[in-house]
Structures are given as structure tokens and as C-alpha cells.
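Okay, structure first, notes after.
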Protein chains: 2
Amino acid sequence: MTELEHYITSYFGVVDEKDLKTIVSLFQLTTIKKGDYLLKTGRRCDKLSFVQSGLLRIFVKTDDKEITQWISTKGYFTTDLSSFVFETPSRWTIQALADTELYSITKEDYQLIGDEVPKWAELEKLFIVRCFTMLEDRIFSHLSMTAEERYHFFYQHNGELFNQVPLQYIASMLGMTPETFSRIRKKPLL
Amino acid sequence: MTELEHYITSYFGVVDEKDLKTIVSLFQLTTIKKGDYLLKTGRRCDKLSFVQSGLLRIFVKTDDKEITQWISTKGYFTTDLSSFVFETPSRWTIQALADTELYSITKEDYQLIGDEVPKWAELEKLFIVRCFTMLEDRIFSHLSMTAEERYHFFYQHNGELFNQVPLQYIASMLGMTPETFSRIRKKPLL
DNA sequence: ATAATTTCTTGATTTTTGTCAAGCGCAAAA
DNA sequence: TTTTGCGCTTGACAAAAATCAAGAAATTAT
């Protein structure tokens, strides 16, 4: 079983062997180099990508700074969901932070899954609801926690990321400056 | 056309007359009084409610304070989505801030919609993706804006709420204390 | 109408976080 | 190896926001 098959099984739920092969066969393995862009703000995001290895940073460039929205690691699906679904210009820019292997599927092919696998619509919905809930949690963290608390919480749950990506991106993603991040980092834990 | 019919048409997309009647007939009009609870944290949220009139506050009680996640006004669907879909204990408490009329549908009946209206699965997905995108925007506002900017942005888009609900709840929902909210409020606009 | 409660404001103060500027360390490039 | 650039840290300072406490103002209850 490939990682993609494993991920689909565990995150979307049980799909029979045959359907799983059908789904996976629609994904194409592609590679992008460190620094390359998978998507740029304003372009239409016409594919959904699964990170097989490597790292992606999802961010927005405003007038004076870049805001990192999320960092996708191995085992994550990545896309500009709104752009992918509604075919509108994307809000996010997605760039590789390391050489990255992706299994990607075009929107066209993605729609075939729904035709081939009747159960898909339901599984897809459950998946999106799970993503929705994660965003709710993230908003809640901004309403109820200080920068320091968000740091520790994120470190607990995603500590392995800290020695893989520039810390300034994690700082941005948590809603603080690199300086604040650095100061929290060196504080003793008491 | 009732408000509910109108809302379904405009937010979920075009559904034919007959299907629309089917859907709407599954919703039950109920009334809850100011201060009453529609849902309490930990309980299973077994229904989806459309606010016909009145106001609902969605919040969480932590050890020392209450965090308001959202305030639903006329024309909003409200539920604990995760609890409704996965039948897990709800995270949110939902309380009426005023006497409120709701059109509610149980999960059982909600599932009938999918059976009766083949198009529903797709419309439902699009609706959830739209909600997802709104949450993304909200996270972005916390990563890129100060309390003052969030205040003004929210005022621009939801100003009518300011004379309908206790301001402390809006403050909490925007991630600031009532005192900070009050000070921003009295600041001249320059 | 009056009292009681809740909500909002204000001031003084502390804490948290951001900004600016400089320097250090490390890794990639020349 | 030396240089260059990038990322991280640090310090001094400024700004933003939280806290605490007291009082108005408004709402609700009596």
C-alpha cells in the first residue's frame, strides 16, 4: 500500500480495494524543486495535491509582508480549496520549502472519482467537515490563547516541524513576529 | 417564498420548486426564549437550525471566561457542525440572546433530503466549502490585522449587530477584551 | 418609579507584543 | 577558503492590549 492509499483509507474512510486503485491511478506523481511555486495568488488552482515527501508553504504576500497560512508536510492534501471548487482566482501562493514529491490530480480527473465511486461524495464531505473543524480550533486558539500559549500548543502537536522549516514561517503562521517567537523559544519552561 | 426557501435558493443554489418544498417541509418551526439554550457543550448536537428571527450566541466556557465564537443572526444556519456530522459531543454552547424563531431539522430528517434530492450532496458540499473559506478569512484576519483593524473590518461588514447584542460578545468574537473594544470604539476615525 | 443587575466606559498600571537596528552563525556559492 | 546571504537572536524602545478597579449608563426586575 502506498502512502497515498494509506492516507485515503485512514482519512476518508474505508473504500474497497478496487475503488482505491481507481482513485489512486488518477493521481500523477510530480516533483517540484525547493523554491518552485505550485500555485501563485490570482491564478486558478486546478489541482489537488498530496504531499508524498517534502514541504510546502501556503502564504499570501501583502503590500509589506508575507503571511504564512499553513505549512504542508508529508501526508497532507494541499490546494486552494475555494479556487479548486469554484474555479475562482486563488488567494494563496504555494511554494516548495524543499524538493517535494506530490501526487496531484486535476479537477477534471477529480470529478471522475465521484462518477466511479458512489461513496465518494459522502467521504469527501466528511473530510471537508474535518478540515472545517480544524479551522474552528485554530480560530479558537486566537480568541483564547496568548502568543506564548499558541507556541507551546503548536510545539506539542507539530514539534517535528521546528527543525525542518525556517522558524519565521512558523511564527507567521501562529500570528507573531520572528522576534517574539525567538524570545518565547529561549524562555525557560519553569 | 419564505425566508428559508429564499436562503436555500441563494446559498445552496437552484433547486426546483418541488424539491424546495420537500426540503422546507422537513424543517420545524420552534421558538426559544432569550437566555434559553439551544445546545450545551458536551451534548450531542442533533439538529441544524436556521435563524428566522432573533439572535444566537455560540460560545465556549473555559475555566475563567467565556469565549464567543460567533453570533448568528437572521438568515444564518447554525449548528455544531462536527457534532452534527460525526455525532460526537459538541464543543459549543448555543444560547439565545433574544427571543428567537428557528427552523430546525433533525439529523434523521436531514438525511432524507439527500435521498429525495439527488443534487443535494453536491450543493451541501459547496455550502460547506464556502463556510470553510470564511473561516480561512477569519484566521487570516488574526494573522494579519491588529485588534483595531479587525474591529473596523467587522464594523464595516456587520455594523447592524452593534446595536443588537452586548458588545462584550462582539469583543470576544474578535479576540479582544471589552475594555480594548470600548477604547477603539471611542477613538476618532481621523 | 425605584431598585437591582448588567453592561459599558475610563483611568492607572502592567504585561505582551511589535519595531528597529545591529550582530552572530551557518550554509550555500564563488 | 572566502564571501555572501539568509535566518536567528538580542537589546533598546515603542506601541498595543490586558488587567484591575471604580464608576456611569443602560436594562431589567420589583
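Naming: A, B, ... by sequence-line order, numbering from 1 per chain. Worth saying up front: this structure is predicted, and the values here are computed from it rather than measured.
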- Query: Heavy atoms under 4.0 Å, any strand shown: does B/R185 hit a base, just sugar-phosphate, or nothing?
  - Reply: sugar-phosphate

- Grab the CZ-C1' distance between A/F181 and D/dT10 for me, whole Å please. 16 Å

- Item | Cation-pi check, A/R57 onto A/F59 ring (under 6.0 Å, within 45° of axis) | yes

- Would you mind reading off the distance between A/R57 atom CZ and D/dC6 atom P, rounded to a whole angstrom? 13 Å

- Taking the side chain of A/S182 as heavy atoms from C-beta outward, which of D/dA17, C/dT10, D/dT10 is closest to it? D/dT10

- From C/dT7, D/dA18, D/dG11, nucleotide with atom closest to B/T177 side chain: D/dA18

- Query: At under 4.0 Å between heavy atoms, what does A/K34 touch on the DNA or RNA strands: base, sugar-phosphate, or nothing?
  - Reply: nothing

- If we ignore angles and hydrogens, is there a donor and acceptor under 3.5 Å between the side chains of A/T78 and A/S72? yes

- Task: For A/K187 and for B/L167, locate the closest nucleotide of DNA chain C by heavy-atom distance; then report the residue assigned to the nucleotide nearer the 5' terminus.
- Result: B/L167

- Can you check the A/K65 NZ to C/dT19 C1' distance for me, whole Å? 11 Å

- Among C/dT17, C/dT7, D/dA18, the one nearest B/Y169 by side-chain distance: C/dT7

- Query: A/M176 CE to D/dA17 P: how many Å, rounded?
  - Reply: 15 Å

- Under 6.0 Å from the six-membered ring centre of B/Y37 and within 45° of its axis: does the NZ or CZ of B/K40 meet both? yes

- Message: In whole Å, I'd like the distance from the CG atom of B/L174 to the P atom of D/dA16.
- Response: 17 Å

- Query: If each of A/T180 and B/T180 is mapped to the nucleotide of DNA chain D with the nearest heavy atom, which maps nearer the 5' terminus, i.e. the 5' end?
  - Reply: A/T180

- Query: Do A/W70 and A/Y169 have a side chain donor and acceptor closer than 3.5 Å?
  - Reply: no

- What is the distance from CG of A/D64 to P of C/dG18, rounded to the nearest Å? 14 Å

- Counting only heavy atoms not in A/F162, do more than 12 fall under 6.0 Å of its CZ? yes

- Go through C/dT7, D/dT10, C/dT17 for me and flag the one nearest to the A/R183 side chain. D/dT10

- Roughly, in whole Å, what's the span from OH in A/Y151 to P in D/dC8? 12 Å

- Query: Out of C/dT10, C/dT17, D/dT9, which has the shortest distance to the side chain of B/K186?
  - Reply: C/dT10

- Item | Selection from D/dG7, C/dG11, C/dC8 that lies nearest to any side-chain heavy atom of A/P166 | D/dG7

- Message: Taking donor-acceptor contacts at under 3.5 Å, does the side chain of B/E179 reach the base of D/dC20?
- Response: yes

- Task: Starting from P on C/dT9, measure out to CD1 on B/I170 and report it in whole angstrom.
- Result: 11 Å

